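Structure, as structure tokens:
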Amino acid sequence: MERANDPLPITVATEDGAVLSGLTEPELHALLERIGGVGDRFAVAEREPGVYLQTWREADSPFLIERRDGEDVWTELDEPADVAALFVSWAHREAWRQDYGWQSASLSEEATP
């Protein structure tokens with residue numbers, strides 16, 4: 001069975017307002033490869049309301065990735081292929097929690113005004 005050509009169980013929204021369902025792995029890879037240009041700096045993948053993985057990239061800078069699924073954490077990755085692999089694993093609920101250097105995105109109580 002060729003899983004790469006099966007639709008991923010996520011919806012992806014992009015900065016230009018597009019909301020895409022049924023993307024395959026190659027289509028998601030292509031979408032994430034292009035992220036970084038003016039008007040095309042982010043993609044938000046959602047499995048269900050409030051459960052998402054998103055990335056932001058400005059030009060050739062690293063990809064800033066945030067995950068919210070009961071935790072609110074972030075990391076940075078340099079390579080589009082690594083970002084796409086993370087998104088695909090996350091979509092399939094696989095062992096995507098590997099060490100990507102996740103950091104808490106929650107403000108500590110001391111930082112709260």
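Predicted, not measured: the structure shown is a model, and the values here were computed from it.
With a 4.5 Å cut-off on side-chain heavy atoms, W90 and D69 count as touching. Contact of the I35 side chain with the D40 side chain is registered, since non-hydrogen atoms from C-beta on lie closer than 4.5 Å. In this structure, the side chains of V12 and E27 stay at 4.5 Å or more apart for every pair of heavy atoms. Proximity of H29 to P80: side-chain heavy atoms (C-beta onward) are nowhere separated by under 4.5 Å. Between T75 and Q103 there is no side-chain heavy-atom pair separated by less than 4.5 Å.
To the nearest 0.5 Å, atoms CG (L8) and OG1 (T24) are separated by 7.0 Å. Put simply, CG on L53 and CD on E46 are 11.5 Å apart, with the number rounded to the nearest 0.5 Å. Taking CH2 from W74 and CD1 from I65, the interatomic distance works out to 10.5 Å, rounded to the nearest 0.5 Å.
Under the 4.5 Å side-chain contact rule for hydrophobic residues, I10 and V51 share a cluster. In the hydrophobic clustering of this structure, V83 does not group with F42; members are Ile, Leu, Val, Met, Phe, Trp, Tyr whose side-chain heavy atoms approach within less than 4.5 Å, directly or through other members. Both V73 and F63 belong to a single network of hydrophobic side chains, linked directly or stepwise wherever heavy atoms of I, L, V, M, F, W or Y lie under 4.5 Å apart. Both L20 and L86 are assigned to one and the same hydrophobic cluster, defined by single-linkage of ILVMFWY side chains at heavy-atom distances under 4.5 Å. Both F87 and W102 are part of a single hydrophobic cluster, where members link through side-chain heavy atoms under 4.5 Å apart.
Evaluation of the salt bridge (Lys or Arg N to Asp or Glu O under 4.0 Å) rule for E15 yields R41 as partners, not counting sequence neighbours. In this structure, the side-chain contact (heavy atoms from CB on, under 4.5 Å) partners of V19, at least two apart in sequence or on a different chain, are T11, A13.
Closest non-hydrogen pair, A91 versus P9, comes out as O-CG, 3.3 Å.
Counting only residues at least two apart or in different chains, side chain to side chain donor-acceptor pair (under 3.5 Å) contacts with residues 55-66 comprise Q54-E66.
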